[in-house]
Amino acid sequence: MTEFKRVHDLKDHRVLITGSARGLGRGIAEALGHWGATVVIADLADDAVSAAVDELRSAGVDATGMALDVTDEGSVAEAINRAWTKLGGLDLLVNNAGVLSVGDLASTDKGDWDRTLCVNATGSFLMCRAMVRRLQQERRPGSIVSLASIAGKRGDPGMSSYSASKFAVVGMTQALAREVGTDDILVNAVCPGVVRTDMIDKLVRESGEAADDWIAQQAIKRAQTPGDIAYAIGFLHLSRAMTGQALNVDGGTLFH
Ligand SMILES: NC(=O)c1ccc[n+]([C@@H]2O[C@H](COP(=O)([O-])OP(=O)(O)OC[C@H]3O[C@@H](n4cnc5c(N)ncnc54)[C@H](O)[C@@H]3O)[C@@H](O)[C@H]2O)c1
């Protein structure tokens, strides 16, 4: 288990993280849990969710788990309801579930495009809608942080469907922030550059490029860690005065 310095106090904060059985979501759950939050691990496969929950619990994190497909309206509604009932509310939703597709636009088939937009953009929309409806219904404050990407601010070759899906997340974040600001609901996004996960392995494999070359273009010459991303999520959640932002956590690649 990675050690996380105690930098945020999230005691009594209840957090649902989508796509958190592995990778970045799993690491974010671990960090937020170490900072005192109760975390809900929600992902596609039951067995992967149970394994992640067991590991987190043995590391001292207050974790619970459930199966979730962010592209399925019924599954999304059930996850928010179950988490809310079990924990007595939800303070933070982290929209982390995502898929990557790689390839020039001219050779991208419609199925790949649809799947990428469906998980990354529609999935985030369905989760945001369910969380906002519940917060408004209960008249509670809360926040949402979505995983966008530097690909949500800059298009690069071979990344058209992924980039389109992440630009959608940034646009939705800005619009929703303006809609629910008066309900005391914050809506933000974070934009990582390179975090070494299965997704980055796939990108390296399919693009034929090297992660070290992308890292060499950063001001800070190392990959980001899940702890780096979790720190930014905790900061946005606790700030109470930042909303509609898409914060670059990319080692200094983009400055807008
Ligand atoms: N790794 C990076 O460098 C990087 C950079 C920028 C943004 N991101 C974003 O961070 C997020 C996490 O990325 P990662 O690198 O951990 O990817 P990953 O592929 O390692 O993990 C993605 C997780 O999402 C889950 N998932 C996929 N479809 C789902 C669905 N329909 N419902 C629920 N869960 C689903 C998977 O089961 C998996 O656990 C993604 O949104 C990704 O776009 C990652």
Side-chain angles (χ1 to χ4, degrees), residues 16-31 40-53 65-80 93-102 114-127 130 144-154 156 159 161-170 172-173 189-207 209 211-212 214-215 218 222-230 232-233 246-251 253-254:
L16 187 150
I17 305 151
T18 68
S20 47
R22 68 160 199 251
L24 189 42
R26 161 81 176 62
I28 291 166
E30 189 180 348
V40 182
I41 304 299
D43 209 314
L44 287 173
D46 267 328
D47 51 349
V49 168
S50 302
V53 168
M66 59 187 58
L68 165 70
D69 179 351
V70 297
T71 68
D72 180 304
E73 282 191 81
S75 174
V76 166
E78 194 190 330
I80 293 287
L93 163 68
V94 180
N95 280 320
N96 167 83
V99 293
L100 172 74
S101 100
V102 183
D114 286 347
R115 181 164 164 272
T116 309
L117 271 288
C118 188
V119 176
N120 298 357
T122 309
S124 299
F125 150 67
L126 291 174
M127 289 302 303
I144 299 171
V145 180
S146 299
L147 271 290
S149 166
I150 55 172
K153 291 193 175 177
R154 183 184 77 187
D156 280 315
M159 301 287 282
S161 46
Y162 184 73
S163 237
S165 73
K166 294 300 185 178
F167 268 77
V169 168
V170 172
M172 180 186 67
T173 296
V190 287
C191 299
V194 181
V195 187
R196 292 190 185 276
T197 63
D198 292 354
M199 186 178 280
I200 285 292
D201 289 347
K202 176 180 156 87
L203 181 55
V204 165
R205 222 172 31 246
E206 295 186 10
S207 68
E209 295 177 30
D212 286 345
W214 305 321
I215 292 167
Q218 299 174 180
R222 65 163 177 84
Q224 294 84 64
T225 65
D228 294 328
I229 311 304
I233 291 170
L247 191 64
N248 301 331
V249 191
D250 62 356
T253 298
L254 299 184

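Ligands are counted one by one from 1 in listed order, and the atoms in each one are counted from 1 as well.
Between Gly25 and ligand 1, no N or O atom pair is found at a separation short of 3.5 Å. Considering backbone and side-chain atoms alike, Leu24 places an N or O below 3.5 Å from some N or O of ligand 1. Distances between N or O atoms of Thr71 and those of ligand 1 include no value under 3.5 Å. At least one N/O-N/O distance between Lys166 and ligand 1 falls below 3.5 Å. Inclusion of Gly23 in the set of residues having an N or O under 3.5 Å from an N or O of ligand 1 is not warranted.
Salt bridge present: Arg222 and Asp228 bring a charged side-chain N and a carboxylate O closer than 4.0 Å.
When hydrogens are left out, the protein atom nearest atom 7 (C) of ligand 1 is Ala148 O, 3.2 Å; that is the closest non-hydrogen contact. The protein non-hydrogen atom at the shortest distance from atom 22 (C) of ligand 1 is Gly98 O, 3.7 Å. At the shortest separation from atom 33 (C) of ligand 1 among protein heavy atoms lies Leu68 O, 3.3 Å. The single protein non-hydrogen atom nearest to atom 43 (O) of ligand 1 is Tyr162 OH, 2.6 Å, given as residue, atom name and distance. The nearest heavy-atom contact from the protein to atom 1 (N) of ligand 1 is Val195 O, 3.0 Å. Nearest to atom 20 (O) of ligand 1 among the protein's heavy atoms is Arg22 NE, 3.3 Å. Of the protein's heavy atoms, Thr197 OG1, 2.5 Å lies nearest to atom 15 (O) of ligand 1. With hydrogens left out, the protein atom closest to atom 36 (C) of ligand 1 is Asp43 OD1, 3.5 Å, a heavy atom.
When each atom of ligand 1 is checked for a heavy atom of Asn96 under 4.0 Å away, the hits are 10 (O), 11 (C), 12 (C), 40 (C), 41 (O). Those atoms of ligand 1 that come under 4.0 Å of a heavy atom in Asp69, given as number and element, are 30 (C), 31 (N), 32 (N). Taking a cut-off of under 4.0 Å to the non-hydrogen atoms of Ser149, the atoms of ligand 1 that pass are 6 (C), 7 (C). Near Val194, meaning under 4.0 Å from any of its heavy atoms, are these atoms of ligand 1: 3 (O). Listed by atom number, the atoms of ligand 1 under 4.0 Å from Val119 heavy atoms are 28 (N).
Under a 4.0 angstrom heavy-atom cut-off, Arg26 registers as lying outside contact with ligand 1. Put simply, part of Gly193 is less than 4.0 Å from ligand 1, judged by heavy atoms.
Contacts of Ile200 with ligand 1, taken as heavy-atom pairs under 4.0 Å, involve the side chain alone.
A distance of 11.5 Å separates CG in Leu100 from CG in Asp198, rounded to the nearest 0.5 Å.
A donor-acceptor contact closer than 3.5 angstrom is absent between the side chains of Ser124 and Ser146. If you check the side chains of Ser50 and Asp47, you find no donor sitting under 3.5 Å from an acceptor.
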